[in-house]
Amino acid sequence: MGMFEVNVRLANIEDPARFSELSLIVDTGATLSWIPRTVLQGLGVEPLSRLPFSLADGSSVEREIGGVLLIVDGRRAAIPVAFAESGETALLGATALETLGFVADPVEKRLIARDLLALASGPAS
C-alpha cells in the first residue's frame, strides 16, 4: 500500500481542552495507532495496560496502551492507542480508521469517509 499522512487532533478524553495536532502515517496493517509517548504524556493520558505487538520485521515488543479522543475530518471517537517510544513512527492504525468510519485510498493518498456497518436485528424491544 502507498503510504501517506493525515492530520489529526488528539485530546484527553476527560479534558478535551488538552489537545495536540499532529500528522500520522496511515498504516492499515497496524492494529492500533502509535502515538509518541511525549505527546500522550503532555495530554495527561495514563497507560491502562501493556500488550504485546508483532512487528513487520517479525520481532515482538510490548507497549503501554491508553485511550484518547481522536478527531479526523470532523469525526471523533474514543480510541485505544499505543505509547510509541522515541524513534518509533507515529501511525494511524486500523482500529481508529474502522471506529471513525474511514477507508484508506492509497492511490489518491487520502481517507474516504463511509458509513459504519451494523447488523440490523429487527425492532428494538
Side-chain angles (χ1 to χ4, degrees):
M1 178 180 131
M3 300 188 70
F4 62 98
E5 295 183 23
V6 295
N7 295 320
V8 305
R9 177 180 280 204
L10 300 169
N12 182 303
I13 293 171
E14 296 175 0
D15 183 7
R18 293 179 71 178
F19 70 90
S20 180
E21 295 181 352
L22 64 156
S23 182
L24 301 176
I25 294 175
V26 174
D27 185 353
T28 59
T31 304
L32 296 185
S33 299
W34 286 56
I35 307 300
R37 175 178 292 281
T38 54
V39 171
L40 294 174
Q41 288 174 332
L43 296 175
V45 175
E46 296 289 332
L48 301 172
S49 67
R50 189 171 183 84
L51 295 174
F53 290 85
S54 295
L55 303 180
D57 67 4
S59 63
S60 296
V61 297
E62 285 192 0
R63 290 292 175 266
E64 291 179 318
I65 306 303
V68 298
L69 177 63
L70 177 66
I71 304 154
V72 180
D73 290 340
R75 293 184 175 206
R76 54 194 290 144
I79 303 291
V81 298
F83 283 67
E85 299 300 341
S86 178
E88 294 178 335
T89 304
L91 302 173
L92 182 62
T95 301
L97 294 171
E98 287 285 327
T99 302
L100 290 170
F102 287 108
V103 293
D105 179 345
V107 175
E108 297 295 324
K109 297 184 185 267
R110 65 187 182 106
L111 296 178
I112 300 171
R114 63 165 175 80
D115 290 345
L116 298 175
L117 302 175
L119 174 64
S121 59
S125 303

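As the structure is a prediction and not an experimental result, all values here were calculated from the model.
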Please list, chain by chain and in numerical order, all residues satisfying salt bridge (Lys or Arg N to Asp or Glu O under 4.0 Å) with [X], sequence neighbours excluded.
X      : result
Glu108 : none
Glu21  : Arg9
Arg37  : Glu64, Glu85

request  = Check each of Leu97, Leu70, Leu10 against Ile79 using the side-chain contact (heavy atoms from CB on, under 4.5 Å) test, and report the only one that passes.
outcome  = Leu70
Are [X] and [Y] in one and the same hydrophobic cluster, where Ile, Leu, Val, Met, Phe, Trp and Tyr link if side-chain heavy atoms are under 4.5 Å apart?
X     : Y     : result
Val68 : Val6  : yes
Leu22 : Leu92 : yes
Leu32 : Ile71 : no

request  = State the CE-CD1 distance between Met3 and Ile25, to the nearest 0.5 angstrom.
outcome  = 4.5 Å
Distance (rounded to the nearest 0.5 Å) between Leu117 CG and Leu119 CG = 10.5 Å
key: Linked hydrophobic residues, Ile112 as query - side chain contacts closer than 4.5 Å   = Val103
request  = For residues 67-78, pull every pair meeting salt bridge (charged side-chain N to carboxylate O under 4.0 Å, His left out), keeping only residues two or more places apart or in separate chains.
outcome  = none
request  = Only counting residues at least two apart or in another chain, list the ones meeting side-chain hydrogen bond (donor to acceptor under 3.5 Å, both in side chains) with Asp57.
outcome  = Ser59
request  = Run the numbers on Val81 and Ile65 for side-chain contact (heavy atoms from CB on, under 4.5 Å), then give the verdict.
outcome  = CA-CA 6 Å; Val81 298; Ile65 306 303; over 6 Å; no
ask   = Could you give all pairs that pass the ring-ring contact (aromatic ring centres under 6.0 Å, His included) test and reach residues 68-113, with sequence neighbours left out?
value = none
Using every non-hydrogen atom in the two residues, find where [X] and [Y] come nearest and quote the distance to one decimal.
X      : Y      : answer
Gly101 : Leu116 : CA-CD2, 3.4 Å
Leu69  : Pro16  : CD2-CB, 4.2 Å
Phe4   : Pro106 : CE2-CA, 4.3 Å

Contacts of Ala30 that satisfy side chain to side chain contact (heavy atoms under 4.5 Å, CB included) - sequence neighbours left out = Asp27, Leu91
key: Check ion pair Arg63-Glu88 (N to O, under 4.0 angstrom)   = yes
ask   = side-chain hydrogen bond (donor to acceptor under 3.5 Å, both in side chains): which pairs involve residues 90-100, sequence neighbours left out?
value = Glu98-Arg114
Quick one: side chains of residues 38-56, donor-acceptor pairs under 3.5 Å with protein atoms, not counting sequence neighbours, listed by atom name and distance.
residue	atom	partner	partner atom	Å
Arg50	NE	Glu62	OE1	3.3
Arg50	NH2	Glu62	O	3.4

task = Please lay out, stage by stage, how Leu111 and Val72 fare under the test side-chain contact (heavy atoms from CB on, under 4.5 Å).
result = CA-CA 9 Å; Leu111 296 178; Val72 180; 4.0 Å; yes
